[in-house]
Amino acid sequence: ANQINTVLSAIAGAERVFSIMDEEVEDDGGNLPENYRIRGEVEFRQVSFQYDKSDTLQNLNFHVAPGQTVAFVGPTGAGKTTTMMLIARFYDATSGEIFIDGHNIQEFKRSTLRRQMVFVLQDPFLFEATVRENIRYGRLDATDEEVVEAAKKANAHDFIMKLPNGYDTLLKADGSEISQGQKQLLAIARAFVANPAILLLDEATSSIDTVTEKKIQEALEELMKGRTSFVIAHRLNTVRHADMVIVMREGKIAESGSQQELIEKNGIYANMLKQSKGAAS
Ligand code: ADP
């Protein structure tokens with residue numbers, strides 16, 4: 001009698017598990033072939049988006065040619081991350097359209113997009129696994145040689161070789177045995193392994209020692225070559241190198257153009273620049 005409740009709730013639990021296993025895979029409507037190779041042209045046409053009732057993004061319009069770098073700047077909550085989420089089709093626009101290589105984003109299977117887009121986040125996710133496996137996560141069929149080659153391009157090889165077991169060093173999920181900057185180098189190595197057409201970067205805000213910082217900058221520059229890159233930029237240097245700067249405010253594009261154009265316009269961005277120079281001097 002004591003056990004009967006446990007047994008009944010276990011049966012109910014098992015039923016739920018089986019019903020999830022029986023669930024059809026979500027049909028995302030994508031009709032382009034799974035192996036479609038993305039060139040990296042991205043266009044937003046009057047894109048608006050709501051998480052709930054209020055507009056998080058309002059009427060975004062921009063066009064990016066393959067291989068260009070776009071820097072998003074603006075205060076927290078302006079909608080920079082949400083815009084990136086829409087590019088990777090984590091959400092669909094509430095209204096308006098997004099085109100990739102001239103195809104409506106809804107024509108792509110999510111798996112096709114995910115394979116060719118990589119997020120490099122401020123605080124990269126590490127698995128409780130070896131360094132090698134953590135890098136290989138970028139593309140599961142990468143060979144050991146490809147993993148090492150990617151680590152070299154990412155400026156991560158040297159520090160990995162100094163770890164107790166090199167590439168076989170087991171990392172904890174919180175990555176406590178390596179520094180924040182080294183975690184980012186691993187994330188960059190992972191991105192090299194994935195070899196995506198489109199990069200989505202959230203630049204680190206936390207301070208990292210200058211030597212590692214320089215390694216990260218170099219590795220990122222190399223990674224961004226030939227790929228369309230969207231960067232949530234916290235450093236003026238990143239903005240300076242971008243082909244297009246998009247200044248966001250309250251879910252809208254307040255200004256966009258090259259850094260030079262925005263300086264000449266003498267608007268919001270020009271003001272931000274003056275203030276940061278004031279703060280630096
Ligand atoms: P940013 O990257 O510029 O800081 P976000 O895109 O993260 O801005 O956020 C834009 C707005 O959307 C904010 O007001 C935020 O609170 C809201 N928001 C972000 N994620 C969600 C979510 N999952 N559900 C509801 N609202 C969200």
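Here, residue 1 is the first one in the sequence, and each next residue gets the next number. As the structure lists them, so they are numbered: ligands from 1, and atoms in each ligand from 1.
- Within the structure, the closest approach of Gly251 to ligand 1 does not fall below 4.0 Å when heavy atoms are considered.
- Remark: minimum distance from atom 8 (O) of ligand 1 to any protein heavy atom is reached at Gly79 N, 3.1 Å.
- Every atom of ligand 1 with a heavy atom of Thr76 under 4.0 Å away is listed here by number and element: 4 (O).
- In this model, no donor atom of one side chain and acceptor atom of the other lie less than 3.5 Å apart for Asp144 and Tyr167.
- Contact annotation for atom 16 (O) of ligand 1: protein absent (non-hydrogen atoms, distance under 4.0 Å).
- Close contacts between ligand 1 and Lys80 involve ligand atoms 1 (P), 2 (O), 3 (O), 4 (O), 6 (O), 8 (O) [criterion: under 4.0 Å to a heavy atom].
- An N or O contact shorter than 3.5 Å is missing between Asp52 and ligand 1 by distance.
- Every atom of ligand 1 is numbered from 1 in the order shown, and the set under 4.0 Å from a heavy atom of Ala78 is 1 (P), 3 (O), 8 (O).
- Note: no N/O pair closer than 3.5 Å links Ile232 and ligand 1 by distance alone.
- Ligand-side atoms of ligand 1 in range of Thr81: 1 (P), 2 (O), 6 (O), 7 (O), range being under 4.0 angstrom from any heavy atom.
- In terms of modelled atom types and a separation under 3.5 Å, the side chain of Asn155 and the main chain of Lys215 share a donor-acceptor contact.
- Using a distance-only test at 3.5 Å, with no hydrogens or angles considered, no donor-acceptor pair links the side chain of Asn61 to the main chain of Val47.
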Enumerate donor-acceptor pairs with a distance under 3.5 Å from any side-chain N or O in residues 77-91 to protein atoms, sequence neighbours excluded.
{"from": "Lys80", "atom 1": "NZ", "to": "Gly74", "atom 2": "O", "distance (Å)": "2.9"}
{"from": "Lys80", "atom 1": "NZ", "to": "Pro75", "atom 2": "O", "distance (Å)": "2.9"}
{"from": "Thr82", "atom 1": "OG1", "to": "Tyr51", "atom 2": "OH", "distance (Å)": "2.9"}
{"from": "Thr83", "atom 1": "OG1", "to": "Gly79", "atom 2": "O", "distance (Å)": "2.7"}
{"from": "Arg89", "atom 1": "NE", "to": "Asp92", "atom 2": "OD1", "distance (Å)": "2.8"}
{"from": "Arg89", "atom 1": "NH1", "to": "Asp28", "atom 2": "O", "distance (Å)": "3.2"}
{"from": "Arg89", "atom 1": "NH1", "to": "Phe108", "atom 2": "O", "distance (Å)": "3.1"}
{"from": "Arg89", "atom 1": "NH2", "to": "Asp28", "atom 2": "O", "distance (Å)": "3.2"}
{"from": "Arg89", "atom 1": "NH2", "to": "Asp92", "atom 2": "OD2", "distance (Å)": "3.3"}

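- Close to ligand 1: Gly77, with a non-hydrogen atom less than 4.0 angstrom away.
- Side-chain contact check for Gln259 and His241: no donor-acceptor pair (N or O, by modelled atom type) lies under 3.5 Å.
- The backbone N or O of Asp168 lies less than 3.5 Å from no partner atom in the side chain of Asn165, so there is not a single donor-acceptor pair.
- Of the polar atoms of Thr82, at least one N or O is found under 3.5 Å from an N or O of ligand 1, judged by distance alone.
- Relative to atom 11 (C) of ligand 1, the option among Thr56, Asp202, Thr83 with the closest non-hydrogen atom is Thr56.
- Numbered from 1 in the order shown, with element, the atoms of ligand 1 that lie under 4.0 Å from a heavy atom of Pro75 read 3 (O).
- Between Phe192 and Glu222, the closest side-chain pair of non-hydrogen atoms falls below 4.5 Å.
- Protein heavy atom in closest approach to atom 19 (C) of ligand 1: Tyr51 CE1, 3.5 Å.
- For Glu221, there are no side chain to side chain donor-acceptor pair (under 3.5 Å) partners at least two apart in sequence or on another chain.
- More than 12 heavy atoms of other shown residues, nucleotides or ligands fall within 6.0 angstrom of atom CZ in Arg37.
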